[in-house]
Amino acid sequence: MYSKNDLIRIAQEDNVNYIRLQFSDMLGTIKCVEIPVSKLEEALDNKIMFDGSSIEGFVRIKEADMYLHPDLDTWLILSFEDSRYGKVARLICDVYTPNGTPFSGDPRYILKRQIEKMHEFGIADFQVGFEPEFYLFKNDEKGNCTMEVSDLGGYFDMSPIDGANECRREIAIELEKLGFQIELSHHEVGPGQQEINFRYGSALETCDRIQTFKQVVKNIARKHNLTATFMPKPVYKLAGNGMHTNCSLWDKDGNNLFYDKDDSMQLSNMAKLWMSGILNHARGLSAITNPCVNSYKRLVLGYEAPVYACWSDANRSSMIRIPAARGNATRTEVRNVDPMANPYLALACILACGLEGIEKKVDIIPPVYDNIFELTREERESKGIQNLPENLKDAIKELRKDKLLRDVLGEHTYSKYILAKELEWDEYRVLITPWEIKRYL
């Protein structure tokens, strides 16, 4: 735990010249206000103000003034930044209103609110591990993305087939300098597709880390004259980018509440209620976990991405899978989430749905062992297996009907989020695509 005086001293000792005060907008885009080190004390006293009226999902012009409250434990010196003008550090901030209260539309605050509710249940910790995937594309001599994949490698391929190994390794090294514990790094299924996994942690910390992760990936890729994208489906007929989300709940004594050695599957009743709660809200939840038009081009048959709302301890076609490890490694892997999701909102909604399942002791949804892709619609419906939405429009319709998710997001974010996504869908709906020109002209 850092104190205000600690950070002032560290900044001086490490010759830090600039500090970025970072926060995330409603859609998960990182925003920042950069200040010289001479203003650090003022920032640590929560006196740095910014105009919130131009930030997606924030406030109207007449309510524009907002304040940044740095989380002191998020202090990092950004080793990957150009240091010719001095070192750059960052602090992740919570957003506050002028009257000194947390801004209800701050995604970080929305997650914190659900974590507090979890504590009221007597659950001490929500542990999360993300598995983010991304593509690397070559840039031209002007630094513009060509959409030509960086290599022709496939799953777990090595150099020289894996032509992006040096870039991927440098990303991992830079992340380690920032305190990440890298668990594995490898080429993914698609040509040019990569995956780097870092150690799980508490939900808020992990969301902060995934935002930093994306920043590092994009910056290091640029140094290699590559463009990194977390777009869910950047290339037709190639594997999409997912962000499998591994979740577990823990008590104050450090016990994994999802593990039960006496159960036939070694899964606790709480774990089954948790999954059932999430699956009950799967269709509305998709609007948050799969938030863009392109998300639904990944959630199609044939690419190991889930299409149906069900769970299994073996079936990779299910939305929630239970990895084989047990004991403290027991976890639920939510497989439909993609890297375009705002991580704070996604985890807040997943946590709320799971907690509702536990609190209300909902009917436990049984696991599915069949290959769901081979079942007819009638067979799926007889087993109570819902389809995930096929497009953003349908997902937003489902979100509109989901009272729990409305309560989680709060009226401010709920209304602004739906408006933003309906505008996105309307813009896409009237667009004339190259496919249409080729097929119909």
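These numbers were taken from a predicted model, which means no experiment stands behind them.
- Aromatic ring pairs are classed by plane angle as parallel below 30°, tilted from 30° to 60° and perpendicular above 60°; the pair F137 and Y135 is parallel.
- Looking only at atom types and distance, the side chain of S295 has a donor-acceptor partner in the side chain of D338 under 3.5 Å away.
- Salt bridge K177/E174: present, at least one basic N to carboxylate O contact under 4.0 Å.
- For the pair K117 and F121, the cation-pi test (distance below 6.0 Å, angle within 45°) is failed.
- A donor-acceptor contact shorter than 3.5 Å is absent between the side chain of H281 and the backbone of C353.
- For the residue pair E436/T433, the side-chain donor-acceptor check at 3.5 Å is satisfied.
- In this structure a side-chain-to-backbone donor-acceptor pair under 3.5 Å is missing from S202 to L204.
- Aromatic ring pairs are classed by plane angle as parallel below 30°, tilted from 30° to 60° and perpendicular above 60°; the pair F198 and F180 is perpendicular.
- Every residue was checked against the side chain to side chain donor-acceptor pair (under 3.5 Å) condition with R326, not counting sequence neighbours, and none meets it.
- Taking the six-membered ring wherever Trp is involved, the centroid distance between the rings of F126 and W274 falls below 6.0 Å.
- Using modelled atom types and a 3.5 Å distance limit, the side chains of T245 and E333 yield no donor-acceptor pair.
- If you check the side chains of Y344 and D208, you find a donor sitting under 3.5 Å from an acceptor.
- With T206 contributing its side chain and G201 its backbone, the two residues share a donor-acceptor pair below 3.5 Å.
- Outside the 6.0 Å centre-distance limit, the rings of Y96 and F103 are not counted as a close aromatic pair.
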Salt bridge (charged side-chain N to carboxylate O under 4.0 Å, His left out) between D394 and R283, worked out: CA-CA 9 Å; D394 290 346; R283 287 180 59 80; 5.5 Å; no
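- D73 places a side-chain N or O within 3.5 Å of a backbone atom of Y2 that can act as its donor or acceptor partner.
- The residues R108 and D71 are annotated as salt-bridged, a charged nitrogen and a carboxylate oxygen being separated by less than 4.0 angstrom.
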Dump the intermediate steps for salt bridge (charged side-chain N to carboxylate O under 4.0 Å, His left out) on R90 and E34, then the final yes or no. CA-CA 9 Å; R90 79 97 206 267; E34 189 164 291; over 6 Å; no
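- Salt-bridge annotation for K112 and D106: absent, with no side-chain N of the basic residue lying under 4.0 Å from a carboxylate O of the acidic one.
- In this structure, E398 pairs ionically with K401, as a charged nitrogen and a carboxylate oxygen lie closer than 4.0 Å.
- Classification of E424 and K393 as a salt-bridged pair fails, no side-chain N sitting under 4.0 Å from a carboxylate O.
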List the atom pairs, with distances to 0.1 Å, where a side-chain N or O of residues 224-241 and a protein N or O form a donor-acceptor pair under 3.5 Å, not counting sequence neighbours.
residue	atom	partner	partner atom	Å
H224	NE2	E170	OE1	2.6
N225	ND2	N139	O	3.4
T227	OG1	N139	OD1	2.6
T229	OG1	M231	N	3.0
K233	NZ	L238	O	2.5
N241	OD1	F134	N	3.4
N241	OD1	Q193	NE2	3.0
N241	ND2	T229	O	3.4
N241	ND2	M231	O	2.9

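- Residues F50 and F23 place their aromatic rings such that the two centres sit under 6.0 Å apart.
- Salt-bridge annotation for R406 and E411: present, with a side-chain N of the basic residue lying under 4.0 Å from a carboxylate O of the acidic one.
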